[in-house]
Amino acid sequence: MIKQIAYDDIQIGDYAEMRKTILAKDVDAFASIVNDTESFHISDEVAQQFSFKKRICHGIHIASYISELVGKELPGFGTIYISQTLDFKKPVYLDSTIRIYVKVIEKLPNRRLSMLTIITDDIEDIVLVGEAVVKTFK
């Protein structure tokens, strides 16, 4: 079922969240799309050479789930992503379950919303924080 919330029906403080488990197949697929075939994202051997010690998800990969959440839940279908700031705090390891959270912090002119965006890891530590501006479909 397609969800779509109109700008006039959205209140400051409205929020949405979802969870996603980061699987090796997802990281491998993303690495293929961005042509990243030899990094610590896809190789355990390479990851051992870095402080991470094991494979981690691409930061921009986990950030892309913010787009999924605003496009499916708040405001929903037809949302146009205008801008996004990203401040990465911690790596996300494979098989971690992350929580993606968005909250409306300001209603702007022309059906635009400013939204707080946060992603946390399995132990609820913040791994990414930022702010998005999106435009609602109606």
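What you see is a predicted model; the values in this text were computed from it and never measured. Nothing fancy with the numbering, it's 1 onward along the sequence.
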Which heavy atom in [X] sits nearest to a heavy atom in [Y], and how many Å separate them?
X      : Y      : answer
Lys72  : Lys3   : O-CB, 3.4 Å
His61  : Cys57  : ND1-SG, 3.4 Å
Thr117 : Glu131 : OG1-N, 3.7 Å
Ala132 : Gln84  : CB-OE1, 3.2 Å
Lys135 : Asn110 : CE-O, 3.3 Å
Ala63  : Leu86  : CB-CD2, 3.9 Å

Next item on the list: Evaluate side-chain contact (heavy atoms from CB on, under 4.5 Å) for Thr120 paired with Asp125, printing each intermediate quantity in order.
Entry: CA-CA 5 Å; Thr120 58; Asp125 281 351; over 6 Å; no
Neighbour count >12 (heavy atoms, 6.0 Å) for atom [atom1], [X]:
X      : atom1 : result
Lys107 : NZ    : yes
Phe88  : CZ    : yes
Phe77  : CZ    : no
Glu124 : CD    : yes

Next item on the list: Taking the six-membered ring of Tyr7 (Phe, Tyr or Trp), confirm whether the NZ or CZ of Lys138 is under 6.0 Å from its centre and within 45° of its axis.
Entry: no
Margin query: Looking at Ala16, is its backbone amide N or carbonyl O close enough to the side chain of Glu73 to form a donor-acceptor pair, meaning the two atoms are under 3.5 Å apart?
Written below: no
Checklist line | Side chain Gln48, main chain Lys53, donor-acceptor under 3.5 Å | finding: yes
Note to self: Please determine whether side-chain contact (heavy atoms from CB on, under 4.5 Å) holds for the pair Val133 and Leu113, giving the CA-CA distance in whole Å, both sets of side-chain angles, and the decisive distance to 0.1 Å.
What the structure shows: CA-CA 5 Å; Val133 174; Leu113 303 168; over 6 Å; no
Is it true that [X] and [Y] fall in one hydrophobic cluster, defined by side-chain heavy atoms closer than 4.5 Å?
X      : Y      : result
Val92  : Phe50  : no
Ile100 : Val127 : yes
Val104 : Val134 : yes
Leu128 : Phe40  : no
Tyr15  : Ile126 : yes

Item checked: Single hit among Asp44, Asp28, Asp95 for side-chain hydrogen bond (donor to acceptor under 3.5 Å, both in side chains) with Arg55 -> Asp28
Check: Salt bridge or not for Asp121 and Lys90, using N-O below 4.0 Å?
Finding: yes
Margin query: Looking at Asp26 and Lys20, is there a salt bridge between them, counting it only when a charged N and a carboxylate O are closer than 4.0 Å?
Written below: yes
Margin query: For a 4.5 angstrom cut-off between non-hydrogen side-chain atoms, does Val27 reach His58?
Written below: yes
Margin query: Are Tyr81 and Ile66 packed together at the side-chain level, in the sense that at least one heavy-atom pair is separated by less than 4.5 angstrom?
Written below: yes
Quick one: [atom1] on [X] to [atom2] on [Y], what's the gap to the nearest 0.5 Å?
X      : Y      : atom1 : atom2 : result
Asp14  : Ile105 : CG    : CD1   : 13.0 Å
Met115 : Leu69  : CE    : CG    : 7.5 Å
Asp122 : Arg19  : CG    : CZ    : 9.0 Å
Tyr101 : Met18  : OH    : CE    : 15.0 Å
Thr37  : Ile42  : OG1   : CD1   : 5.5 Å
Ile82  : Thr79  : CD1   : OG1   : 10.0 Å

Item checked: With Tyr93 via side-chain contact (heavy atoms from CB on, under 4.5 Å) - residues at least two apart -> Phe52, Lys54, Ile56, Pro91, Ser96
Item checked: Worked check of side-chain contact (heavy atoms from CB on, under 4.5 Å) between Ile22 and Ile98 -> CA-CA 8 Å; Ile22 305 300; Ile98 58 173; 4.0 Å; yes
Check: Can you check side-chain contact (heavy atoms from CB on, under 4.5 Å) on Ile60 and Phe30, steps first, answer last?
Finding: CA-CA 10 Å; Ile60 202 70; Phe30 188 84; 3.4 Å; yes
